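Everything numeric here is computed off the predicted structure, so don't read it as measured data. In the text below, chain A, chain B and the rest are named by the order of the sequence lines, each starting its count at 1.
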Amino acid sequence: MPSEAELLAQRLEKRERLLALADPYPATVRRTHSAAAAAAAFAAAGEPAPDSADAIAVTVTGRVTAQRGMGRASFLDLTDGTGRIQLHLRSDALGDSYERLSLVDLGDFVEASGSLFRTRTGEITVAVTAWRVITKALRPMPEKWHGVTDVETRTRQRYLDLMANERSREIALTRVAVLAAVRRFFVGRGFLEVETPVLQEQAGGAAARPFMTHHNTLDRDLFLRISLELHLKRLLVGGLEKVFEIGRVFRNEGISHRHNPEFTLLESYEAYADYHDVARMVEELFAYVAAEVHGTVHITHGEQTVDLTAPFARTTYRRALQEHAGFDYRDYPTVEALRALAHERRLPVAQGASWATLLDGFMSAFVEPKLVQPTFVFDYPVELSPLAKRKPDDEGAAERFELFVLGYEMANAYSELNDPVDQRARMEEQARRLAAGDHEVEVADEDFLVALEHGMPPTGGLGVGIDRLVQLMTGEHSLREVILFPAMRERPSGEQALERARAAAEARAPGPTDPAS
RNA sequence: GGGCCCGUAGCUCAGCGGUAGAGCAGUGGACUUUUAAUCCAUCGGUCUUCGGUUCGAAUCCGAGCGGGCCUACCA
């Protein structure tokens with residue numbers, strides 16, 4: 001009999017025995033104190049003796065995370081959302097119900113009532129007078145000392161990670177705090193939080209490949225959104241002046257410690273603001289979130305400390321390339337020239353890549369990794385920014401910036417293009433590049449163009465990857481640590497694995513082989 | 001996508017050609033202030049899968065599956 005099945009069977013047996021006495025899954029539980037509240041109440045009352053008139057009586061609930069049996073007395077550690085509290089159960093105080101302790105396993109939930117006291121080793125403890133099992137667990141907890149360390153188990157069964165690893169809880173709570181702080185920041189500035197469709201006829205607003213799905217009743221293919229941009233701008237056309245959305249977007253790309261196919265994107269749009277206004281807002285946003293979450297604008301990442309004090313460093317796309325890649329892109333105005341340079345610098349280039357895509361390759365390879373402290377890079381080539389306004393004094397550059405921290409792109413913002421004629425022309429250019437084999441293009445969206453033709457006020461727009469923001473705020477190196485349930489490959493069943501192995505074997509040796517030959 | 005590394009009990013890990021091991025958890029026993037409680041005994045394994053080499057494979061070789069790190073694209 002496999003050991004796991006044996007453990008399950010033992011616990012099922014205990015469940016049956018508990019059922020015979022009382023429901024080990026009651027619907028109603030009355031907790032008077034969390035672990036933290038009980039300790040606080042005990043301290044506030046001056047730690048009265050448990051048998052005195054002013055003893056602190058509590059009912060606590062939580063998961064049994066340790067059991068120390070001492071014969072006719074036992075200590076149990078109970079863990080709840082606020083921390084840990086110790087129970088002391090004595091046979092002389094509990095009588096028959098003491099014997100029922102043998103039906104409790106690590107991982108079960110228990111409710112216990114009694115008065116608080118401090119043991120001689122200093123632990124605040126409930127002297128239990130009544131207790132019961134309120135959830136019987138059938139599978140064992142992770143090991144008490146080492147917990148669960150296997151990264152695969154930690155992500156596939158995040159609940160085990162959360163119950164065993166304090167750090168995992170910390171990260172989850174920090175993410176909650178970041179999201180709350182971001183919302184407060186925007187709401188406090190008069191932005192309206194809105195929601196726009198995830199299912200779209202055309203997935204636009206970014207250069208990425210979408211997921212496809214299907215609507216049965218309409219018998220129509222739909223795409224999952226890759227950005228929030230085009231619908232939020234429609235709201236600006238409609239007269240909402242300051243809007244933001246925090247939403248999941250989906251990009252049909254690889255999975256790695258830097259990429260998850262679904263991620264949380266923040267976008268905001270503000271009428272009558274330009275990208276300089278947005279940059280100032282971003283500085284305040286990052287400093288605000290850091291202060292709210294951390295209490296400081298200095299965040300340690302391994303050896304490095306990031307300083308989020310405003311103002312952030314500012315450079316331009318052209319200057320950054322000159323400085324870190326050592327060339328001026330104006331000296332390489334053609335695809336051929338740039339491709340030759342890429343070859344010379346041993347920079348791999350995609351088939352059919354356009355001039356703009358090639359240039360961005362240099363940016364990613366030579367510039368971005370160097371931008372550790374927060375740095376705004378202003379004025380991207382127009383070809384890379386089909387939704388951003390041209391600079392009035394430089395037709396080749398767009399009013400766009402990206403913010404880099406720790407070599408990561410943390411924010412992307414434009415003075416939004418609101419000239420419908422220019423927008424249509426740029427979308428057509430994108431379509432031409434797609435036809436030429438460049439995949440990093442944005443898809444035209446006729447409905448959006450019609451909206452723009454009704455007039456969108458001058459607008460400053462912003463996009464921030466929330467997962468990366470949480471990474472920055474937690475100091476975590478891997479995106480997969482800040483997403484509770486990151487995408488994983490399917491784990492095949494035993495039969496599937498067998499089948500695949502056979503298929504692979506057949507593929508290597510097609511046709512029957514003659515052992516005599 | 002490319003390179004390197006990993007997969008042994010529920011969990012954390014040893015073992016690296018010769019009968020599959022420890023700690024924790026579980027089970028039985030001792031113990032009424034312990035806290036990684038302690039002590040005694042004990043149960044528990046298709047050693048990721050398939051194939052190869054070998055008298056003999058957890059161990060060596062190949063492939064598959066899953067995972068990690070680095071690297072590349074995208075946020």
5′-ward residue of the pair A:R118/A:D360 relative to RNA chain B:
A:R118
Begin from the C-alpha positions of A:K233 and A:E267 and carry the test salt bridge (charged side-chain N to carboxylate O under 4.0 Å, His left out) through to its verdict.
CA-CA 10 Å; A:K233 285 185 184 172; A:E267 290 194 20; over 6 Å; no
Please determine if a side-chain N or O atom of A:R72 lies less than 4.0 Å away from the OP1 or OP2 oxygen of B:rC31.
no
Nucleotide B:rC11, atom P - distance to CZ of A:R154 in whole Å
15 Å
Mate of B:rU46 where both pairing distances stay under 3.5 Å, Watson-Crick or G-U:
none
Distance, nearest 0.5 Å, that separates CG of A:D108 from OG1 of A:T135:
8.5 Å
Check: A:S91 side chain, B:rU32 base, donor-acceptor under 3.5 Å
no
Whole-Å distance between B:rG26 P and A:E13 CD?
16 Å
Would you mind reading off the distance between A:D92 atom CG and B:rU32 atom P, rounded to a whole angstrom?
10 Å
Any idea how A:F401 and A:F376 line up, ring-wise: parallel (<30°), tilted (30 to 60°), or perpendicular (>60°)?
perpendicular
Scan nucleotides 21-25 of chain B against the protein and return all N/O pairs shorter than 3.5 Å with their distances rounded to 0.1 Å.
from   : atom 1 : to     : atom 2 : distance (Å)
B:rC24 : O3'    : A:K144 : NZ     : 3.4
B:rA25 : OP1    : A:K144 : NZ     : 3.1

Touch class at under 4.0 angstrom, heavy-atom based, for A:Y408 against every strand present:
nothing
Ion pair A:E99/A:R72, N-O distance below 4.0 Å:
yes
A:Q86 or A:R251: which one's nearest nucleotide on RNA chain B is closer to the 5' end?
A:Q86
Are A:Q373 and A:V306 side-chain neighbours, meaning at least one heavy-atom pair lies under 4.5 Å?
yes
Suppose you measure atom C1' in B:rA14 against the same atom in B:rC50; what distance do you get, rounded to whole Å?
27 Å
Whole-angstrom distance between B:rC31 and B:rC65, as gauged at atom C1'
50 Å
Tell which nucleotide pairs with B:rC16, taking only Watson-Crick or G-U wobble pairs whose two distances are both under 3.5 angstrom.
none
Please determine, for B:rG10, whether a Watson-Crick or G-U wobble partner exists with both distances under 3.5 Å, and give it or none.
B:rC24
For nucleotides B:rG67 and B:rU8, find the distance between their P atoms and express it as a whole number of Å.
15 Å
Separation of the C1' atoms in B:rG66 and B:rA25, to the nearest angstrom:
26 Å
Paired nucleotide for B:rU33 [Watson-Crick or G-U wobble; both distances under 3.5 Å]
none
Taking any strand in view, what nucleotide pairs with B:rA72 in a Watson-Crick or G-U wobble way, both distances under 3.5 Å?
none
Could you tell me whether A:G71 contacts a base, only the sugar-phosphate backbone, or nothing, with contacts defined as non-hydrogen atoms closer than 4.0 Å?
base
Using the side-chain hydrogen bond (donor to acceptor under 3.5 Å, both in side chains) rule, collect all pairs that involve residues 463-475 of chain A, keeping only residues at least two apart or in two chains.
A:R175-A:D467, A:Y408-A:Q471
Give a yes or no on whether the ring-centroid distance for A:Y275 and A:F378 is below 6.0 angstrom.
yes
Stepwise, does the side-chain hydrogen bond (donor to acceptor under 3.5 Å, both in side chains) test hold for A:R480 with A:N260?
CA-CA 8 Å; A:R480 302 164 72 74; A:N260 199 55; 4.8 Å; no
Quantified in whole Å, what is the C1' atom distance between nucleotide B:rC73 and nucleotide B:rC60?
38 Å
What is the distance, rounded to the nearest whole Å, between atom CD1 of A:I246 and atom C1' of B:rA75?
15 Å
Write down the distance separating the P atoms in B:rC5 and B:rA63, rounded off to the nearest Å.
13 Å
Report yes or no: is the cationic atom of A:R158 (NZ for Lys, CZ for Arg) under 6.0 Å from the centre of the six-membered ring of A:F485, at an angle within 45° of the ring normal?
no
Select base, sugar-phosphate, or nothing to describe what A:G69 touches, counting heavy atoms under 4.0 Å on all strands.
base
Length of the CG-C1' vector between A:L160 and B:rU12, whole Å:
14 Å
Distance check, P atoms only: B:rG45 and B:rG51, in whole angstrom units.
23 Å
Quote, to the nearest angstrom, the P distance that separates B:rA36 from B:rA41.
24 Å
Considering only B:rC43, B:rG26, B:rA75, which nucleotide approaches the side chain of A:Q10 most closely?
B:rG26
Remember a base hit wins even if backbone is also touched, and classify A:N252 as base, sugar-phosphate or nothing at under 4.0 Å, heavy atoms.
nothing
Whether A:H88 and A:F117 hold their rings parallel, tilted or perpendicular, with breakpoints at 30° and 60°:
tilted
Whole Å only: how far is the CG atom of A:L228 from the P atom of B:rA75?
13 Å
Please state how far atom CZ in A:R84 lies from atom P in B:rA36, giving the value in whole angstrom units.
9 Å
Could you state the interatomic distance from CZ (A:F362) to CD (A:E368), rounded to the nearest 0.5 Å?
13.5 Å
May I ask you to verify if any side-chain N or O of A:T149 is less than 4.0 angstrom from the OP1 or OP2 atom of B:rC13?
yes
Between protein and nucleotides 67-72 of chain B, map the contacts as a letter string: B base, S sugar-phosphate only, - none, heavy atoms under 4.0 Å, written 5' to 3'.
SS-S-B
If you compare every side-chain N and O of A:R68 against the phosphate oxygens of B:rU38 (OP1, OP2), does one of them come in below 4.0 Å?
no
Between CG of A:L94 and C1' of B:rU32 the distance, given in whole Å, is 12 Å
Between the CG atom in A:L87 and the OG1 atom in A:T125, the distance rounded to the nearest 0.5 Å is 8.5 Å
Any idea which of B:rC11, B:rU33, B:rA37 is nearest the A:V148 side chain?
B:rC11
